[in-house]
Undergrad: 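The structure under discussion is supplied below as structure tokens; questions concerning it will follow.
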Amino acid sequence: MSTRAERGSLLGVELSEEERTAVLENLFVFGKENEAPFLRRMGVLLFLSTVIASCGLLANSAEVVIGAMLIAPMMRPVMSSAGAIVMGWPDRLTGALLMVLGMAVASTSIAVVVALLAPDMVQIPEQVLRRTEPTYFDLVIALAAGAGGAYTMTRKETSAIPGVAMAVSLMPPLASCGILLVFVEYDLAFRAFILFTTNFFAMTLAATVVFLMTGVTPGHKRRESARFIGTQIGFFLLMVLVISVPLYYYSQKVWFDDDYEAARSDILQTWLLENSQTLVDLNIDRENKILGLTLTGPKPPIWLQDLHTDLERYQRSIGRDGEFTIQSSWIRSVELSWPPPAEGEVEATELFEEERLTQRLLLGKIWTWQRTQYAGQVWMANTPDTAYTAQFLERGALKVALSCGELDSVYSFSFGAIDINIEPVLAASCLTSDFDSMFLTDLHRVVDYQVFEDALVLELGNGSGAMFFTAN
């Protein structure tokens, strides 16, 4: 019975001949008669694990996906690649790499078939999308998992391969890639493939280093194959560095979301409180850097500039790209209660005092029109050579300046609303340009207003848009 060698390795006592043989038998198939049964077992496990993973992803079930990861056979060729490198066996390395490639193609193809047979889906499941966000964390995890898997194989007293298989996704990214191809989301499918590629190269590199450090390769073999081993380690290291480029790009997008999430509890909640809004839903478009808000409140949240400015300032303060867009949709809410207050409990002057204070901010200033946003993303901006202005005076008088001159009009307040009335005869005599016609038409459609320091927003009826002014 052999014993461990006296000489130690960097990660403990160097393996004995018996232990080294056991490790290699776990990594490779020796004997022609064993190849066919081995490939048959690998094929069955690959098919079953891919079907389970694909169904789990489509059903949005993390538990099912984990189950598929436990029976997936892809850890074997990854570790075999590392073993072939340290043993200086180019033919076995080629065979292991071809097996990885074949498994990747087969898994993706099986996932495509499963997705085609599945009922039509409107949205891509969250479990699939999670495999489309590779970051540097995935690279670090793959390196650590590859090292852990290799170390486990050299130590009989440990049995952590299932844990390693769960920590690193080899099968789910390939299944996600196939599903996304069916959804015609080629960019997302490529990202899922990048995650698989990251895991493969990082795990192989880490496992190779650990196999060398634990003494899987005999000393004389290391010396004989030093050039081959060094070349392969350099190649896999280069591939990891190349993969780092898209990982940096994807990490920036994910970190944009993380930074926003860290700040939104203070910035967004403060803005919601100041604008009497309640957040119904929040959506982040990572690709286009769009923050989507679904809000409800008594008045539409027309003025988004303060929120955008505060979030942008926060992004830049932590060294991130502050460029993003806010898009909001609004659901009107009406606050009602019963029973009404007793007679005399609430005086009319109290009800209208706040409205009068807001009205005073509107009066007297000359408001210069800057732009109008119509429903959707259609914007109309003022021409630089013409000043379109509106001046709200006492007693309901309104002066409107257009390219043709000035018109005297009238307006009236009601609680929480405003109505602007321009005499049709006067309007018809002054329509000398499309901008004049548009400006007057929009003023006719104004139903409400909001004043923010030196900014005025006039809301158009039926949720059709808003006109934006600044005070001179």
Undergrad: Nearest 0.5 Å please: distance from the OG1 atom of T132 over to the CD1 atom of I194.
TA: 12.5 Å

Undergrad: Do you know the tightest heavy-atom contact between Y136 and S244?
TA: OH-O, 3.1 Å

Undergrad: Check whether any side-chain heavy atom of Q305 sits under 4.5 Å from a side-chain heavy atom of H308, and report yes or no.
TA: no

Undergrad: Report yes or no: does Q391 contribute a side-chain atom to a donor-acceptor pair with the main-chain N or O of G364 at less than 3.5 Å?
TA: yes

Undergrad: Taking atom CD1 of I52 and atom CD1 of I71, what is their separation to the nearest 0.5 Å?
TA: 3.5 Å

Undergrad: Give me the atom names and distance for the closest heavy-atom approach of M74 to V100.
TA: CE-O, 4.4 Å

Undergrad: Locate the shortest heavy-atom distance separating A471 from K365; write the atom from each residue and the value.
TA: CB-CD, 4.0 Å

Undergrad: Can you name the closest pair of heavy atoms from A455 and W367 and give their distance?
TA: C-CZ3, 3.7 Å

Undergrad: Hey, could you give me the CH2/CZ distance between W303 and F452, rounded to the nearest 0.5 Å?
TA: 7.0 Å

Undergrad: Using side-chain heavy atoms (C-beta onward) and a distance below 4.5 Å, is F235 in contact with F201?
TA: yes

Undergrad: For residues M380 and D442, determine if any side-chain heavy atom of one lies less than 4.5 Å from a side-chain heavy atom of the other.
TA: no

Undergrad: Nearest 0.5 Å, what's the CD1-OH distance between I422 and Y411?
TA: 13.5 Å

Undergrad: Which atoms form the tightest heavy-atom contact between D138 and E133, and what is the distance?
TA: OD2-O, 3.7 Å

Undergrad: Starting from the C-alpha separation in whole Å, work towards a yes-or-no answer on side chain to side chain contact (heavy atoms under 4.5 Å, CB included) for L295 and L272.
TA: CA-CA 9 Å; L295 306 167; L272 292 171; 3.6 Å; yes

Undergrad: What's the spacing between I179 CD1 and I124 CD1 if we round to 0.5 Å?
TA: 10.0 Å

Undergrad: Tell me the closest heavy-atom pair linking A111 and L174, and the distance in Å.
TA: CB-O, 4.5 Å

Undergrad: When you measure from the side chain of T296 to the backbone N and O of I331, does any donor-acceptor pair fall under 3.5 Å?
TA: yes

